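Owing to the predicted nature of the structure, the values given are computational and were not obtained by experimental measurement. In what follows, chains are A, B, ... by sequence order, proteins preceding strands, each numbered from 1. Keep in mind that the numbers below use all heavy atoms, side chains included, and drop hydrogens, waters and symmetry copies.
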Amino acid sequence: MIKIYNTLTRKKETFKPLHAGEVRMYVCGPTVYDSSHLGHARSIVAFDVIRRYLEYKGYDVRFIQNFTDIDDKMIQRAQEQKTTTEKLATKYIQEYFEDFDKLGVKRATGFPKATEHIQEMIEHIQKLVEKSFAYEANGSVYFRVSKFKNYGKLSRQEKGEKEAEDQDAGEVEEKEHPQDFVLWKAMKPGEPSWDSPWGKGRPGWHIECSVMSKQYLGEPIDIHGGGLDLVFPHHENEIAQSEALSGQPFVRYWMHNGFLTVNKEKMSKSLGNFFTIQEITAKYHPEVVRLFLISSQYRSPIDFSDAQLEEAKTRLARIHNSIDLLQRHLRETRVEEAKNPVKPSTVDSELWEALSTLQTEFENAMDDDFNTPIALASLNTFLTKMNSILSRNDSVTAGTLQKILEILDAIGEVFGLYRQRMKPESSDEGVTDGLVQLLIQLRNQARKQKDFETADRIRDQLKDLGIVLEDEKTGTVWKWA
RNA sequence: GCCGAGGUGGCGGAGUGGCCACGCGACAGCCUGCAGAGCUGUUUUAUAUGGGUUCAAAUCCCAUCCUCGGCUCCA
């Protein structure tokens with residue numbers, strides 16, 4: 001039974017999707033005017049793991065993530081770069097996919113763009129005007145917040161007078177009340193625009209999520225996610241726009257991830273303290289970045305530091321080493337069992353018990369609002385146990401080892417970790433293996449004759465090729481560095 | 001000003017009343033020609049501060065200090 005912390009109620013609630021066996025979720029995607037940074041990755045990876053766990057539990061997940069491809073920043077950046085908003089969007093959407101494919105993020109079911117849903121947005125706004133939840137002023141349309149009685153229920157705050165000063169002066173004059181927010185912006189000279197009943201213009205930021213969420217997932221949806229910074233005003237406004245028309249809840253579970261910080265300050269474009277995904281993945285393997293990101297529960301802040309990334313690297317290596325050890329034992333055991341069938345022993349049952357504990361603890365942790373640190377801890381505990389048994393070289397059946405591999409694979413699939421380690425060897429690797437085995441034989445001959453110079457030369461030169469030799473009690477094994 | 005989150009060992013990070021996180025680092029040992037990996041053990045009363053409740057508190061209550069976030073674009 002999954003429990004989710006719902007921002008709306010500020011409580012963990014038992015998760016029950018509206019449609020049995022199916023989860024409909026929407027996560028706010030980026031405005032595609034610039035490269036994604038690690039702060040975006042925090043959010044995207046958090047919801048990727050949530051989605052993967054829901055799938056692990058057998059749900060059919062319909063997952064929609066939008067691209068905001070028209071807004072003030074898009075227009076401004078396009079003007080600066082003497083290009084169009086379309087070209088800008090195309091460029092950064094492509095980059096988005098490159099970045100997050102690399103980070104092992106599963107693609108959403110759909111990636112709707114704001115500019116492809118202008119007509120639906122206009123219709124939605126029209127209906128709001130008809131019901132007097134919105135009003136037109138000088139070609140712009142504003143949402144009449146005072147008419148929507150539940151305004152503020154998500155963020156538990158209402159816009160005060162304070163920020164009226166910070167708002168666009170033209171808008172303030174047009175608005176009936178400073179709280180009101182824009183649904184449709186009248187065109188300014190030189191800006192991209194679409195025809196509407198109120199003249200040429202473009203949609204406000206908030207309306208796209210309301211409209212696209214409804215179009216692709218219906219109402220209400222199960223989960224709507226995004227960064228904590230979107231709670232107000234973005235999500236508050238989405239609720240107002242959607243529920244004013246439908247008269248029913250727009251979203252059943254609101255989920256918000258905590259920030260990625262640098263020296264305890266939020267990583268953001270405006271502070272300039274950010275690293276792009278490209279920069280970070282050039283320095284660290286994408287799975288190291290993922291492990292770093294899921295080492296805290298998704299609602300907690302994570303403070304970025306190189307030391308933390310280095311630690312994640314070490315921790316991932318430990319997992320890799322354990323899987324290598326397991327796979328080697330499995331290969332060897334299969335060869336053995338082909339000669340002499342083996343019966344399960346007490347060591348087998350010890351492993352089965354540890355495996356069952358792992359599964360229970362992993363699922364309990366993830367069921368509890370996707371507590372990845374505890375889930376990772378359960379994996380660690382299991383690996384220590386498994387390594388301990390395997391290092392004693394007690395005989396374990398191939399069936400047991402195979403089962404462990406399957407469970408580890410399923411868990412790794414949720415985290416999006418050690419995927420490469422699980423892949424069967426390619427035929428190329430078969431050839432490599434043959435060659436390396438030959439060198440290992442030669443080297444061990446040298447070692448037997450105490451010719452360590454030759455032995456070390458073989459090991460060192462293989463290392464330069466990215467092949468690491470390790471001498472075990474039972475013989476020498478190799479792996480890619 | 002208003003709203004919200006949080007302060008845990010050398011470090012990261014869990015934990016909503018009683019026992020144990022987990023990892024990184026450090027130290028010692030096993031194994032090894034050396035190395036690596038792995039294993040075993042150690043890292044003495046870690047829970048911002050001061051009170052309180054309780055047989056028992058990191059966990060509940062009160063106060064204080066500090067940090068961060070939202071209220072303007074932001075994952």
Legend entry - Same-atom distance (P) from C11(B) to U44(B), integer angstrom: 13 Å

Inset, instruction - Determine the contact category for R318(A): base if any of its heavy atoms lies under 4.0 Å from a base atom, sugar-phosphate if only primed atoms, P, OP1 or OP2 are that close, otherwise nothing. - result: sugar-phosphate

Legend entry - Flag for T384(A)-N387(A): side-chain donor and acceptor within less than 3.5 Å: no

Inset, instruction - Specify the separation, in whole Å, of atom NZ of K385(A) and atom P of U40(B). - result: 9 Å

Legend entry - Rounded C1' spacing from A21(B) to C55(B) in Å: 26 Å

Legend entry - Distance in angstrom units between N380(A) CG and G12(B) C1', rounded: 13 Å

Inset, instruction - Report yes or no: is there a donor-acceptor pair, N or O only, under 3.5 Å between the side chain of R447(A) and the base of G33(B)? - result: yes

Legend entry - Nearest-nucleotide 5' precedence on RNA chain B, R459(A) against G227(A): R459(A)

Inset, instruction - Mind running a 4.0 Å heavy-atom check of residues 349-361 of chain A against RNA chain B and sending the residues that fall below it, in number order? - result: none

Inset, instruction - Using the P atom as the reference point in each nucleotide, state the distance between U64(B) and C2(B) in Å, no decimals. - result: 14 Å

Inset, instruction - Using the closest heavy atom to pick a nucleotide of RNA chain B for each, name whichever of D71(A) or T261(A) lands nearer the 5' end. - result: T261(A)

Legend entry - Watson-Crick or G-U stems involving RNA chain B, each at least 3 pairs long, distances under 3.5 Å, ordered by first number: B:1-7 with B:65-71, B:10-12 with B:22-24, B:25-30 with B:38-43, B:48-52 with B:60-64

Legend entry - Chi angles and distances behind the side chain to side chain donor-acceptor pair (under 3.5 Å) call for Y33(A), D72(A): CA-CA 10 Å; Y33(A) 74 109; D72(A) 290 347; over 6 Å; no

Legend entry - Side-chain-base donor-acceptor pair under 3.5 Å for R443(A) and G33(B): yes

Legend entry - Length of the line joining L228(A):CG and A75(B):P, which is rounded to integer Å: 13 Å

Legend entry - Distance-only donor-acceptor test, R299(A) side-chain atoms vs A5(B) base atoms, 3.5 Å: no

Legend entry - E472(A) side chain, from C-beta outward: closest of C34(B), C24(B), A37(B): A37(B)

Inset, instruction - For G15(B) and G51(B), measure between their P atoms and round to the nearest Å. - result: 28 Å

Inset, instruction - Could you tell me whether R77(A) and D34(A) make a salt bridge, using a distance below 4.0 angstrom between a side-chain N and a carboxylate O? - result: yes

Inset, instruction - For A46(B) versus G13(B), give the span between their C1' atoms, rounded off to a whole number of Å. - result: 13 Å

Legend entry - Verify stack between F452(A) ring and G33(B) base, 5.5 Å, 30 degrees: yes

I'd like a table of atom pairs between the protein and nucleotides 13-16 of chain B - only N or O on both sides, under 3.5 Å - with the distance next to each one.
unit_1: A14(B); atom_1: OP1; unit_2: Q297(A); atom_2: N; d: 3.1
unit_1: A14(B); atom_1: OP1; unit_2: S300(A); atom_2: OG; d: 3.3
unit_1: A14(B); atom_1: O3'; unit_2: N371(A); atom_2: ND2; d: 3.4
unit_1: G15(B); atom_1: OP1; unit_2: N371(A); atom_2: ND2; d: 3.0

Legend entry - Same-atom distance (C1') from G69(B) to G50(B), integer angstrom: 27 Å

Inset, instruction - Before giving the answer on salt bridge (Lys or Arg N to Asp or Glu O under 4.0 Å), spell out for R299(A) and D369(A) the whole-Å C-alpha distance, their side-chain angles and the decisive distance to 0.1 Å. - result: CA-CA 9 Å; R299(A) 285 187 286 120; D369(A) 199 27; 2.8 Å; yes

Legend entry - Same-atom distance (P) from C71(B) to A14(B), integer angstrom: 25 Å

Inset, instruction - Between U42(B) and C60(B), how far apart are the P atoms? Round to whole Å, please. - result: 31 Å

Legend entry - salt_bridge(R328(A), E472(A)) N-O dist < 4.0 Å: yes

Inset, instruction - Tell whether D471(A) reaches the base of C34(B) with its side chain through a donor-acceptor pair below 3.5 angstrom. - result: yes

